[in-house]
Amino acid sequence: MADPSRPARLWYQSFVHPIEQAAYIERLQGLLDSSSSPGIKFEVHGLDPPDHLFHPLTEFRCAAQAIRNALEAERAGYDAFVIGHFQEPGLLEIRGAVDIPVVGLGEASLLAALSMGRRLGLVTIDPVFIDWHERQVRAHGLDQRVAGVRAIHVDLPGFMRAFTDDASYAQVRADFVAEVRPLVAAGAEVIIPAGGLPMLLFARECPFVIDSALVLNGIAVVAKAAEMALALQRLTGSVVSRRGTYAKASAHCVEEYLRGRW
């Protein structure tokens, strides 16, 4: 269990490249630093290669990297692990492999949004992820509360430009608003930008409201969800149920995984 007498270290697993997207990593680290509570320190880590090809095979490859990183984070003394990628590949496996709290950006955002409005809408970064998010919503048992999933179409360089160029930001924002309006018309009261990139990009708008619908800042949500999970562990000694879904992997199972070429 995390020792409350020392500052807590939380591994934040981003899915961008730590060098090529260093500006994004630094911006994300700054937001986490400004929003974290005293005694809490998030440390952002990237992936190499990053998640940049927008395909289920890439998500699978990134999941394998994230699982290994989570195992290594626990062994290195980190107190919690955050999957800072909305699709949260590897969440099931990581929760079943480590004893520290594990929080996923997608799950935390969806659960928080349920307390802010009756129906939700998701806008993802590329049409290829619409089906993924629809399956993700069903997997979390929330399909009756989601009005729909729509997509803008912005690649990674486009997001990087939007962080620093006003015209690029305005274009991405306009594209996002255009996809939000049909969701609001369908009954959505809370809009989730389904990705760390748009979440961080729109964090400058506080609050961000489109046609009276609230746009969720999922990065702030996942940071506070991770803090809460850690606080609950310290208060109750519990992290996750080991019956069924998150049954603990044996030591042999873990070592066999780490010996593999993933």
Side-chain angles (χ1 to χ4, degrees), residues 15-16 24 27-28 30-32 34-35 54 84-88 103-225 228:
F15 279 45
V16 303
Y24 170 82
R27 188 179 293 266
L28 174 59
L31 177 60
L32 293 168
S34 66
S35 61
F54 294 176
H85 181 59
F86 197 90
Q87 288 88 325
E88 55 200 9
V103 181
L105 179 60
E107 182 183 53
S109 298
L110 288 164
L111 295 178
L114 292 176
S115 68
M116 299 176 180
R118 178 65 185 172
R119 301 201 74 200
L120 320 178
L122 279 66
V123 179
T124 185
I125 64 173
D126 190 277
V128 73
F129 289 125
I130 290 177
D131 179 66
W132 182 294
H133 293 318
E134 288 175 343
R135 286 185 282 111
Q136 187 176 11
V137 165
R138 290 194 297 272
H140 288 308
L142 303 176
D143 45 310
Q144 293 185 351
R145 301 283 296 274
V146 174
V149 182
R150 297 181 68 89
I152 56 176
H153 193 174
V154 183
D155 60 13
L156 189 55
F159 272 111
M160 294 301 109
R161 287 192 299 271
F163 279 109
T164 56
D165 178 70
D166 290 343
S168 297
Y169 176 80
Q171 184 61 60
V172 173
R173 188 188 191 281
D175 292 347
F176 183 81
V177 171
E179 298 302 330
V180 166
R181 289 199 161 127
L183 294 172
V184 174
E189 301 167 12
V190 181
I191 301 299
I192 302 176
L197 287 164
M199 286 176 175
L200 185 60
L201 182 64
F202 296 136
R204 68 185 70 181
E205 307 205 26
C206 187
F208 190 8
V209 179
I210 301 171
D211 296 346
S212 299
L214 176 66
V215 179
L216 190 75
N217 183 338
I219 293 175
V221 166
V222 78
K224 292 305 175 184
M228 183 177 71

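All figures in this text were calculated on a predicted structure; none of them were measured in a lab. Residue numbers run from 1 in the order of the sequence given.
Atom-to-atom distance recorded for Thr124:OG1 and His153:NE2 is 11.0 Å, nearest 0.5 angstrom. One finds the CZ atom of Arg27 at 11.0 Å from the CD1 atom of Ile219 (value rounded to the nearest 0.5 Å). The distance from atom CG of Asp126 to atom CG of Asp155, rounded to the nearest 0.5 Å, is 9.0 Å. From Leu200, atom CG reaches atom CG of Leu32 across 8.5 Å, with rounding to the nearest 0.5 Å. Taken to the nearest 0.5 Å, the CZ atom of Phe15 stands 12.0 Å off from the CG atom of Leu197. To the nearest 0.5 Å, the span separating CD on Glu205 from CD1 on Ile210 amounts to 8.0 Å.
Taking each heavy atom of Val103 and Ala108 in turn, the nearest pair found is CG1-CB, 4.0 Å. Residues Ala162 and Arg204 share a closest heavy-atom pair of O-NH2, 3.6 Å. Across every non-hydrogen atom of Leu120 and Gly117, the tightest pair is CD2-O, 4.1 Å. For Gly121 against Ala188, the heavy-atom pair with the smallest separation is N-CB, 3.8 Å. Of all non-hydrogen atoms in Val184 and Ala213, the two that sit nearest each other are CG2-CB, 3.7 Å. In this structure, Gln136 and Gly106 approach most closely via the heavy-atom pair NE2-CA, 4.0 Å.
Counting only distance, with no hydrogens or angles, the side chain of Arg145 and the backbone of Arg118 share a donor-acceptor pair below 3.5 Å. Between the side chain of Arg119 and the backbone N or O of Ala186 there is at least one donor-acceptor pair closer than 3.5 Å. No donor-acceptor distance shorter than 3.5 angstrom exists from the side chain of Arg150 to the backbone of Pro182, with no hydrogens or angles considered.
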task: Go through the steps for Asn217 and Phe208 under the test side chain to side chain contact (heavy atoms under 4.5 Å, CB included), then give the verdict.
output: CA-CA 8 Å; Asn217 183 338; Phe208 190 8; over 6 Å; no
query: What do the steps show when you test Lys224 against Met228 for side chain to side chain contact (heavy atoms under 4.5 Å, CB included), and what is the final call?
result: CA-CA 6 Å; Lys224 292 305 175 184; Met228 183 177 71; over 6 Å; no
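Just one residue in the list Leu183, Ile191, Val149 forms a side chain to side chain contact (heavy atoms under 4.5 Å, CB included) with Leu122, and that residue is Val149. The side chain to side chain contact (heavy atoms under 4.5 Å, CB included) test with Leu110 is passed by exactly one of Val190, Ile192, Leu216, Val221: Ile192.
Identified under the ring pair (Phe, Tyr, Trp, His ring centres under 6.0 Å) test for residues 120-146, with sequence neighbours left out: Phe54-Phe129, Phe86-His133.
Under the 4.5 Å side-chain criterion, counting only non-hydrogen atoms from C-beta, Val222 is not in contact with Ser109. Two residues are said to be in side-chain contact when any heavy atoms from C-beta on lie closer than 4.5 Å; Glu134 and Asp143 fail this criterion. Residues Phe159 and Val172 have side chains in contact (heavy-atom distance under 4.5 Å, counting atoms from C-beta outward). Annotation: side chain of Val123 is not in contact with side chain of Val215 (no heavy-atom distance under 4.5 Å).
The aromatic ring centres of Phe202 and Phe176 sit less than 6.0 Å apart.
Every side-chain hydrogen bond (donor to acceptor under 3.5 Å, both in side chains) that Gln171 has, sequence neighbours left out, goes to Asp175.
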